[in-house]
Amino acid sequence: MFPGLLLPLLIAHAAFCAEPSVSRSLRAANSGLFTIGVGIHDRIPERPADWPLLIAQFSSITPENCLKPDPVQIAEAKFNFTRSDAFIDFANSNGLQVIGHCLVWAKDDRTPPWFFRDGTNTASRNLLLARMKTHIDTVAGRYRGRIAMWDVVNEALDDGTNFLRPSGWSLACGEDFIVRAFELAHAADPGALLIYNDYNNELPAKRAKLIRLVRSLRERNAPVHAIGLQGHYEIDRLPLAEIEATLGAMRELRMKVVVSELDIDVVPRGKWWADGGKHRAELAKLDPYRDGCPPEILRRQADQYAQLFRLFRKYSDVIARVSFWNLHDGQSWLNTFPWRRVNHPLLFDREGKPKPAFHAVIAELQKPSDQAQRPAN
Ligand code: GLA
């Protein structure tokens with residue numbers, strides 16, 4: 001165990017055992033339904049103030065950035081593992097499962113540009129796949145046996161009319177780069193659960209592409225073990241029926257699901273991308289909850305988290321893990337993306353105190369299980 005961890009752990013224990021009749025911990029309340037995790041700051045080993053909440057509540061952690069292609073291999077063969085080594089040591093020595101995120105991010109602005117270049121020319125398919133092999137062998141190989149699950153490919157499906165998002169990867173290799181990434185990850189770390197991760201893949205058009213991708217990867221014997229639904233939702237716009245349709249489709253395909261980056265934005269951002277971006281100037285001024293989130297909004301958010309977790313329970317035979325994206329409201333990416341505002345999307349407030357949403361989720365997790373909902377295996 002990390003030196004200095006004992007005191008924060010004792011504080012965590014005292015804080016969350018104050019009411020003995022109610023479990024105050026997500027990890028204890030879920031009683032084997034699925035793992036509950038969190039995407040967390042890369043520098044968690046240096047942030048002892050965050051340890052009590054983290055360790056009391058969550059059993060797996062995803063580093064927010066330090067395992068992405070850009071920080072790991074900013075230039076060819078120039079690997080940097082300083083942050084990720086410390087992160088994984090911290091997790092392993094505290095009994096927290098690690099989720100690796102991500103080996104290939106199929107977006108050009110999220111892939112270091114050198115990957116796609118060969119001098120002044122565009123890199124050939126063979127060169128690109130050779131670079132992918134070096135990257136995956138080096139990164140997944142380094143942590144073999146220490147990372148429970150890997151997001152192998154992130155965000156490859158197109159939001160528009162194409163099947164795959166046009167990118168340096170898909171333009172050079174078509175779907176082959178996805179197949180190859182899974183083969184390489186499996187060879188580098190045969191014990192890791194391998195995930196295809198994306199956003200909005202519960203919505204009908206992208207769901208159809210997801211199903212097509214799963215079928216195709218299976219036909220080609222690519223070792224894909226689970227689908228990641230990122231789960232970045234917005235208050236009052238939860239696509240519950242669509243999420244259920246995707247969970248049902250994955251159940252039929254006998255494919256596991258992880259909910260990989262869950263949050264419920266209370267200052268919805270969807271309009272940012274609508275109508276050619278013409279609402280952006282107006283939205284950028286919007287910061288309605290900078291002095292605190294009104295109780296009415298917190299209650300609605302709690303109800304909506306409860307609805308989500310009711311659904312997740314119903315599909316707990318399919319869902320292997322639910323991870324929140326960030327530890328508490330003060331650390332959420334939604335305070336700055338896509339514009340700066342004070343956001344309140346998570347279960348814990350800026351002081352790490354449980355919000356109504358926390359209690360609603362705990363209540364759902366603790367309801368007696370309804371086996372009738374589950375199909376016989
Ligand atoms: C996507 C990525 C994550 C993270 C979030 C925002 O969902 O998969 O790694 O960058 O955006 O923080």
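We count ligands from 1, going down the list as the structure has it; atoms in each ligand are counted the same way.
- Contact atoms of ligand 1 toward His101: 2 (C), 3 (C), 8 (O), 9 (O) (distance under 4.0 Å to a heavy atom of the residue).
- Contacts with ligand 1 closer than 4.0 Å are made by no heavy atom of Tyr199, backbone or side chain.
- Close contacts between ligand 1 and Glu155 involve ligand atoms 1 (C), 7 (O), 8 (O) [criterion: under 4.0 Å to a heavy atom].
- Side-chain contact, Arg27 with Ser59: no donor N or O sits under 3.5 Å from an acceptor N or O.
- For Phe337, no heavy-atom contact with ligand 1 is shorter than 4.0 Å.
- Lys206 forms a cation-pi arrangement with Tyr199, by the criterion of a distance under 6.0 Å to the ring centre and an angle within 45° of the ring axis.
- Geometrically, ligand 1 and Glu261 share a nitrogen or oxygen pair separated by less than 3.5 Å.
- His232 approaches Asp263 most closely through the heavy-atom pair ND1-OD1, 2.9 Å.
- The atoms of ligand 1 that sit less than 4.0 Å from any heavy atom of Trp105 are 2 (C), 10 (O).
- The shortest N/O to N/O separation between Lys68 and ligand 1 falls below 3.5 Å.
- Between Trp51 and Phe90, the distance from one ring center to the other falls under 6.0 angstrom.
- Each of Trp325, Phe87, Trp150 was checked for a ring-ring contact (aromatic ring centres under 6.0 Å, His included) with His101, and the lone residue meeting it is Trp325.
- Atoms of ligand 1 found under 4.0 Å from any heavy atom of Gln230 (numbered from 1 in listed order, with element): 1 (C), 7 (O), 8 (O).
- Considering backbone and side-chain atoms together, Asn197 places no N or O closer than 3.5 Å to any N or O of ligand 1.
- Using modelled atom types, one finds no donor on one side chain facing an acceptor on the other under 3.5 Å when comparing Arg165 with Ser167.
- Heavy-atom contacts of His232 reach the following atoms of ligand 1: 7 (O) (cutoff under 4.0 Å).
- At least one donor-acceptor pair closer than 3.5 Å links the side chain of Asp287 to the backbone N or O of Val342.
- With a heavy-atom cut-off of 4.0 Å, Asn154 touches ligand 1 through its side chain alone.
- In this structure, the protein non-hydrogen atom closest to atom 12 (O) of ligand 1 is Trp325 NE1, 3.1 Å.
- The contact set between ligand 1 and Trp333, taken as ligand atoms under 4.0 Å from a residue heavy atom, comprises 6 (C), 12 (O).
- Here the side chain of Asp265 pairs a donor or acceptor atom with the backbone of Val267 at under 3.5 angstrom.
- Counted by atom type alone, Tyr289 and Asn343 present zero donor-acceptor pairs between their side chains at under 3.5 Å.
- Looking at ligand 1, you won't find any N or O of Glu64 less than 3.5 Å from one of its N or O atoms.
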